[in-house]
J.: 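One structure, pasted below without further comment.
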Number of protein chains: 2
Amino acid sequence: MPPATTRSKTEPRLSRPEQVARKIKDAVVERGLRPGDRLPSEAEMMAEFAMSKGTIREAMRILEAQGLVKSRTGPGGGVFVHEVGTERARALLSNYFWFRDLTIADVYQMRRAMEPELAAALAGHLEEPVLAELEAIAARYAAPAATIEEERDQHVASLDFHATLARQSDNPLLGFVIGFTVSLLTEITLQRQLYEPPNEQLRATGHDYHCRLLAALRAGDGGAARAIMKAHMENAWSLMGNQEALALGRFLPD
Amino acid sequence: MPPATTRSKTEPRLSRPEQVARKIKDAVVERGLRPGDRLPSEAEMMAEFAMSKGTIREAMRILEAQGLVKSRTGPGGGVFVHEVGTERARALLSNYFWFRDLTIADVYQMRRAMEPELAAALAGHLEEPVLAELEAIAARYAAPAATIEEERDQHVASLDFHATLARQSDNPLLGFVIGFTVSLLTEITLQRQLYEPPNEQLRATGHDYHCRLLAALRAGDGGAARAIMKAHMENAWSLMGNQEALALGRFLPD
DNA sequence: CCCAATTTGTTCGTATGTATC
DNA sequence: AGATACATACGAACAAATTGG
């Protein structure tokens, strides 16, 4: 590790809590600590780093905000190494895209590339309970919606179909990225109310693709699953593109 | 916002700094604050939330750790809304994969799907300076390496070629994910020393693919760029898979 | 059920550092 | 150089949560 004096001028020197957080993190890595392992108590860290309680606590907050540790009160309590959860990782990453307004096209460019790969990999590898769960989800948008609220729920359910598929991936990277992409799309859809006006064609073709995909997954036909998912993505992309254009039109009437 | 009493038992109630951080974040969203906008001073927040300085400071650390704010001392100082940087987002997300040991196969399953898509999208859209930069990078592994150190540097450079391509994407999502995937691969390669033993075939074919890709990108031939990148990924995958097997063999000799 | 011990959580007062005018 | 306004840090005390007797 380079000495602290070699810092460049562009990175402002770290505050003391940041220094402590960094050192704790390095120590965890170096000593190979695993989730559940206990870190030194506040009192011990105050002595170890010769810093006040407040400073140590701020350092722990930094690590906790990143999902790396979790603290408990009481005897046997303390600060413990923690595995970053999927939900937390999603939330942290979605902050990155907050000021980088993504378009539907951006999201679908990703989906078009990734989801067919996932479908192919999953074919023949899903247990019956999962297949049943997917069928239950698909059943929720088997028929046209009667109200706007139902329309929105159907839209979310059809995205949940893909999120459920993503959770089945034994590739953590692929699973996370697809799950994140789907959650991004869900946020965008709900925030801009892209389920309005109702798009019967989007629902009908989506449901049909999902059913055919399930059949291919159950049959273990990876090639077919990939092809169906690919066609599904292309189709959804063009239909969702229309929805986005309509939504934009709501604010740019002419 | 639901009242605090409606929290479930599974999510332990939030600590006060977490509550404050949450409320500040909500306020930023609701009031449409942009990067550079100033948040209330510590003193004002102490009054606003009726909490002590330490608690407010811990809340600011939480937001700062997520890259959402940045604080400056002195007159005119304070806490300011901040755009989450690419570097920080990468670091936060890589924590997620820390205890989920990824394999080379996992990473390449992603790359096989995404990089051809990026190549196709970039064809004909790169400025001359960028193309020149890419050529300069490729020149660094045009010839076999003489030492192990040079071997490692060439390996990193050939990955930097892809990172540089990713930065050119006008799709922030695709660009980030590919950049992140490449940085993951760089970490794995360096940590497990997968550049050892030297693999001349990997270097030679990689350089050849990069050169042919550059030609297609310059010519604006998206289809060719996609095909070349796809073949490149398949080829690199099988060769890197061998490297991984060899590395595993170092620890499992028989 | 209460009590005591242990550990994090929170407060207040004060002092120091830093950047602007 | 000095005054001002802000974050940064320290120390002592007290509060709350959890565990075990």
Side-chain angles (χ1 to χ4, degrees), chain A residues 4-5 7-24 28 33 35-82, chain B residues 4-5 7-24 28 33 35-82:
Chain A
T5 55
R7 65 184 168 78
S8 81
K9 191 174 296 181
T10 56
E11 337 185 16
R13 92 179 140 283
L14 276 62
S15 67
R16 288 207 235 202
E18 284 168 331
Q19 292 173 34
V20 173
R22 155 81 50 161
K23 285 187 180 177
I24 293 289
V28 168
L33 297 190
D37 289 349
R38 188 178 182 277
L39 266 46
S41 71
E42 284 183 356
E44 289 170 311
M45 290 188 187
M46 290 169 62
E48 159 105 19
F49 297 105
M51 287 176 189
S52 75
K53 184 184 183 75
T55 303
I56 299 296
R57 285 184 56 76
E58 287 181 33
M60 293 305 109
R61 290 304 185 191
I62 291 173
L63 296 175
E64 198 164 59
Q66 300 178 345
L68 293 169
V69 305
K70 215 155 175 55
S71 50
R72 292 198 306 266
T73 62
V79 181
F80 299 83
V81 178
H82 195 255
Chain B
T5 56
R7 65 187 166 78
S8 81
K9 190 173 298 181
T10 56
E11 349 184 8
R13 93 177 139 285
L14 278 64
S15 68
R16 290 208 232 204
E18 283 169 332
Q19 291 174 35
V20 172
R22 156 82 50 161
K23 285 187 179 176
I24 293 288
V28 167
L33 297 190
D37 289 350
R38 188 177 180 278
L39 265 46
S41 71
E42 281 185 357
E44 289 170 311
M45 290 189 188
M46 290 169 61
E48 161 103 19
F49 296 105
M51 288 176 189
S52 76
K53 181 169 328 213
T55 303
I56 300 296
R57 285 182 58 74
E58 288 183 30
M60 293 306 108
R61 289 301 185 192
I62 291 173
L63 295 175
E64 200 167 36
Q66 301 179 348
L68 293 169
V69 305
K70 212 151 177 57
S71 52
R72 291 201 304 268
T73 61
V79 181
F80 299 84
V81 179
H82 195 257

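Below, chains carry the letters A, B, ... as their sequence lines are ordered, and counting in each starts from 1.
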J.: Below 4.0 Å from chain B heavy atoms, what is the first contacting nucleotide of DNA chain D and what is the last?
T.: D/dT4 to D/dA17

J.: Considering non-hydrogen atoms only, spot the tightest contact between B/Thr55 and B/Arg16 and give its length.
T.: CG2-CB, 3.8 Å

J.: For A/Arg16 and B/Gly74, take the nucleotide of DNA chain D holding the closest heavy atom to each; which residue's nucleotide lies nearer the 5' end?
T.: B/Gly74

J.: Would you classify B/Gly76 as touching base, sugar-phosphate or nothing, given that sugar-phosphate means primed atoms plus P, OP1 and OP2, and contacts are heavy atoms under 4.0 Å?
T.: nothing

J.: Nearest heavy-atom pair of B/Pro17 and B/Glu58: which atoms, and what distance?
T.: CG-OE1, 3.5 Å

J.: Would you grab the first and last nucleotide of DNA chain C (5' to 3') that comes under 4.0 Å of any non-hydrogen atom in chain B?
T.: C/dT10 to C/dT20

J.: Given Watson-Crick or G-U pairs with both distances under 3.5 Å, what dot-bracket string fits DNA chain D, with | for other-strand pairs and [ ] for crossing?
T.: .||||||||||||||||||||

J.: Which of residues 55-65 of chain A have a heavy atom under 4.0 Å from DNA chain C?
T.: A/Arg57, A/Arg61

J.: The criterion is side-chain contact (heavy atoms from CB on, under 4.5 Å); which residues satisfy it with A/Pro35, sequence neighbours excluded?
T.: A/Glu83, B/Phe99

J.: According to side-chain hydrogen bond (donor to acceptor under 3.5 Å, both in side chains), who are the partners of A/Glu18, at least two apart in sequence or on a separate chain?
T.: A/Ser15

J.: Flag the pair A/Leu33 / A/Leu39 as yes when at least one side-chain heavy-atom distance between them is below 4.5 Å, and no otherwise.
T.: yes

J.: Is B/Phe49 close to B/Lys23 at the side-chain level, that is, under 4.5 Å between some pair of heavy atoms?
T.: yes

J.: With sequence neighbours excluded, tell me which residues meet side-chain contact (heavy atoms from CB on, under 4.5 Å) with A/Ser41.
T.: A/Arg38, A/Ala43, A/Glu44

J.: Just distance, no hydrogens or angles: give the donor-acceptor pairs under 3.5 Å from side chains in residues 62-82 of chain B, sequence neighbours left out.
T.:
from, atom 1, to, atom 2, distance (Å)
B/Glu64, OE1, B/Arg61, NH1, 2.8
B/Glu64, OE2, B/Ser71, OG, 3.3

J.: What are the residues of residues 41-54 of chain A, sorted by number, that bring a heavy atom to within less than 4.0 Å of DNA chain C?
T.: A/Ser41, A/Glu42, A/Lys53

J.: Listing request: all salt bridge (Lys or Arg N to Asp or Glu O under 4.0 Å) pairs with a residue in residues 46-55 of chain A, at least two apart in sequence or in separate chains.
T.: A/Glu42-A/Lys53

J.: Do the side chains of B/Met60 and B/Ile24 get nearer than 4.5 Å, heavy atoms only?
T.: yes

